[in-house]
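Beneath this line is the structure, given in structure tokens, with notes to follow.
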Amino acid sequence: MTDIDTETETLGWELIGWDDNEQAAHVVELTRVEILRIRDLFPERDDELLETAAYEVKPALYSALRSTIPHLKFSEGLEYQIGGFLLSP
């Protein structure tokens, strides 16, 4: 399990919408606070902060995600994922 207080300073998160050519057509940065608000929408996750894999965001989740994070938008025809990454020092 991740130590939420110490390790998140080195993590970043993105919601990425992929097009038919597997290009990132829509990218939104997410904060640690936002991840903490939505992580329970992904019960299949392997970690506390969605940082060890890219998690599929199915259309059935769009409404719940927008309710929790109002600035999120989803474009038709894109396949979305949320994932974490290490920030550059």
Side-chain angles (χ1 to χ4, degrees):
M1 184 182 292
T2 301
D3 183 339
I4 293 172
D5 294 328
T6 60
E7 291 188 21
T8 56
E9 293 176 13
T10 61
L11 295 175
W13 296 268
E14 291 177 333
L15 170 71
I16 302 174
W18 300 95
D19 66 17
D20 291 339
N21 296 318
E22 298 183 11
Q23 298 293 316
H26 181 207
V27 180
V28 178
E29 289 185 28
L30 300 171
T31 67
R32 174 184 178 267
V33 171
E34 291 168 335
I35 290 299
L36 290 172
R37 288 182 189 157
I38 65 169
R39 67 182 176 185
D40 291 337
L41 295 173
F42 298 89
E44 73 281 7
R45 72 184 188 278
D46 294 327
D47 53 57
E48 290 298 310
L49 294 172
L50 306 174
E51 81 267 17
T52 62
Y55 294 91
E56 181 181 3
V57 179
K58 297 178 183 179
L61 287 177
Y62 292 0
S63 180
L65 287 166
R66 281 192 300 261
S67 293
T68 307
I69 307 172
H71 70 86
L72 291 184
K73 300 197 181 341
F74 298 92
S75 297
E76 191 173 322
L78 299 181
E79 294 183 16
Y80 284 89
Q81 294 179 326
I82 286 180
F85 57 91
L86 288 175
L87 296 171
S88 298

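All residue numbers refer to positions in the sequence shown, counting from 1. Note: hydrogens, waters and symmetry copies are ignored here, and every other heavy atom, side chains too, is used.
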How about [X] and [Y]: do any of their side-chain heavy atoms sit closer than 4.5 Å?
{"X": "Ile82", "Y": "Leu15", "result": "yes"}
{"X": "Asp47", "Y": "Tyr55", "result": "yes"}
{"X": "Glu56", "Y": "Phe42", "result": "no"}
{"X": "Leu11", "Y": "Leu86", "result": "yes"}
{"X": "Leu36", "Y": "Thr31", "result": "no"}
{"X": "Asp19", "Y": "His26", "result": "no"}

Problem - Shortest non-hydrogen separation from Ala25 to Leu78 and the atoms involved - result: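 Minimum heavy-atom contact is CB-CD2, 3.9 Å.
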
Practice task
Report yes or no: do Thr52 and Asp46 form a side-chain donor-acceptor pair below 3.5 Å?
Solution key: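 Thr52 vs Asp46: no donor-acceptor pair found between side chains.
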
Heavy-atom count check: over 12 atoms from other residues, nucleotides or ligands less than 6.0 Å from [X] [atom1]?
{"X": "Asp20", "atom1": "CG", "answer": "no"}
{"X": "Glu14", "atom1": "CD", "answer": "yes"}
{"X": "Glu44", "atom1": "CD", "answer": "yes"}

Practice task
For Trp18 and Gln81, indicate whether the former's side chain and the latter's backbone hold a donor-acceptor pair under 3.5 Å.
Solution key: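 No, Trp18 side chain to Gln81 backbone: no donor-acceptor pair under 3.5 Å.
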
Problem - Side chain Asn21, main chain Gln23, donor-acceptor under 3.5 Å - result: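 Absent.
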
Practice task
To the nearest 0.5 Å, tell me how far Leu30 CG sits from Arg37 CZ.
Solution key: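 Result: 11.0 Å between the selected atoms.
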
Exercise for the section: Kindly compute the distance separating CG (Leu50) from CZ (Arg45), expressed to the nearest 0.5 Å. Expected result: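 Answer rounded to 0.5 Å: 6.5 Å.
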
Which side-chain N or O atoms in residues 59-77 pair as donor and acceptor under 3.5 Å with protein atoms at least two apart or in another chain?
unit_1, atom_1, unit_2, atom_2, d
Ser67, OG, Ser63, O, 3.0
Thr68, OG1, Ala64, O, 3.0
His71, NE2, Glu34, OE2, 2.9

Practice task
Spell out, yes or no, whether Ile16 and Ile35 are grouped together once hydrophobic residues are joined by side-chain heavy atoms under 4.5 Å, including indirect joins.
Solution key: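 Unlinked, Ile16 and Ile35 end up in two clusters.
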
